[in-house]
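Written out below as C-alpha cells is the structure these notes cover.
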Amino acid sequence: MIGFILLFRNMWHILKILFKQEEQKTIMIALVVILTIGTFFYHNVEAMSYLDALYFSVMTLATVGYGDLAPTTALGKLFSIFYVLIGVGLLSAVIVNMNRALMEYHKTKPHHLRKKELP
C-alpha cells in the first residue's frame, strides 16, 4: 500500500513537470481532440455506444487491438487507417515526454528523498 501511495505521489510531481511544458500541453490537447473525434465518429458511423466508441478509440491508438470490437463499414475501416497513423504518433509523443519528465523528476528530487526510497 505504501508503494502505491509513493507511486501516485511521484506521478503527481511528473504531471506538474509535464504541464509546465507548452509542447506537452499542445500534445495532450491534440490527443484529447483525436480521442473525441474517434469516439463521435465510431458512435455515429459504426453505431457503437459512447463508452464502446471511446474504448475502441483508446485500444486502437494504443495498438492493443483485442479484437472484441472492429469497424464494420467501409467508411469506418478507411477512417481507422488514418486514425491509427495520426493517433499512434501523438500517443508516442505523450509517452516519450512522460519518460523525459520522469528522468527530470529523479534528477531534481531532493537528496534526502532519494535515500528513503532505496531498498
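All values derive from a computational prediction rather than experimental measurement.
Counting only heavy atoms from C-beta outward, the side chains of V45 and F79 never approach each other to under 4.5 Å.
Taken from CD1 in I86 to CG in L91, the straight-line distance is 14.0 Å, to the nearest 0.5 Å.
Heavy atoms only, all atoms of each residue included: A70 and F56 are closest at CA-CE1, 4.0 Å. Nearest heavy-atom pair, V84 versus L61, reported as atom, atom and distance to 0.1 Å: CA-CD2, 4.5 Å. Between M48 and H43, the closest heavy-atom pair is O-ND1, 2.7 Å. Closest approach of E46 to T72, counting heavy atoms only: OE1-N, 2.7 Å. Considering every non-hydrogen atom in both Y83 and S57, the closest pair reads OH-CB, 3.2 Å.
Under the side-chain contact (heavy atoms from CB on, under 4.5 Å) test applied with V33, the options T36, I37, L31, L35 reduce to a single match, I37.
V94 and V88 fall into different hydrophobic clusters, defined by Ile, Leu, Val, Met, Phe, Trp and Tyr side-chain heavy atoms under 4.5 Å apart, directly or through other members. A continuous path of ILVMFWY side-chain contacts below 4.5 Å connects I95 to I27, so both sit in one hydrophobic cluster. Side-chain heavy atoms closer than 4.5 Å link hydrophobic residues (I, L, V, M, F, W, Y) into clusters, and following such links, possibly through other members, connects I29 to V58. Under a hydrophobic clustering in which Ile, Leu, Val, Met, Phe, Trp and Tyr are joined whenever their side-chain heavy atoms come within less than 4.5 Å, directly or via other members, I81 and F41 fall into different clusters. Hydrophobic clustering keeps I34 apart from F82 (ILVMFWY residues linked when any side-chain heavy atoms are closer than 4.5 Å, directly or through intermediates).
Residue F40 belongs to a hydrophobic cluster whose other members are Y50, with links defined by side-chain heavy atoms closer than 4.5 Å.
For Y42 (side chain) and D52 (main-chain N/O), no donor-acceptor pair under 3.5 Å exists by modelled atom type.
The side chain to side chain donor-acceptor pair (under 3.5 Å) pairs that include a residue from residues 84-94 number zero, where partners must be two or more places apart or lie in different chains.
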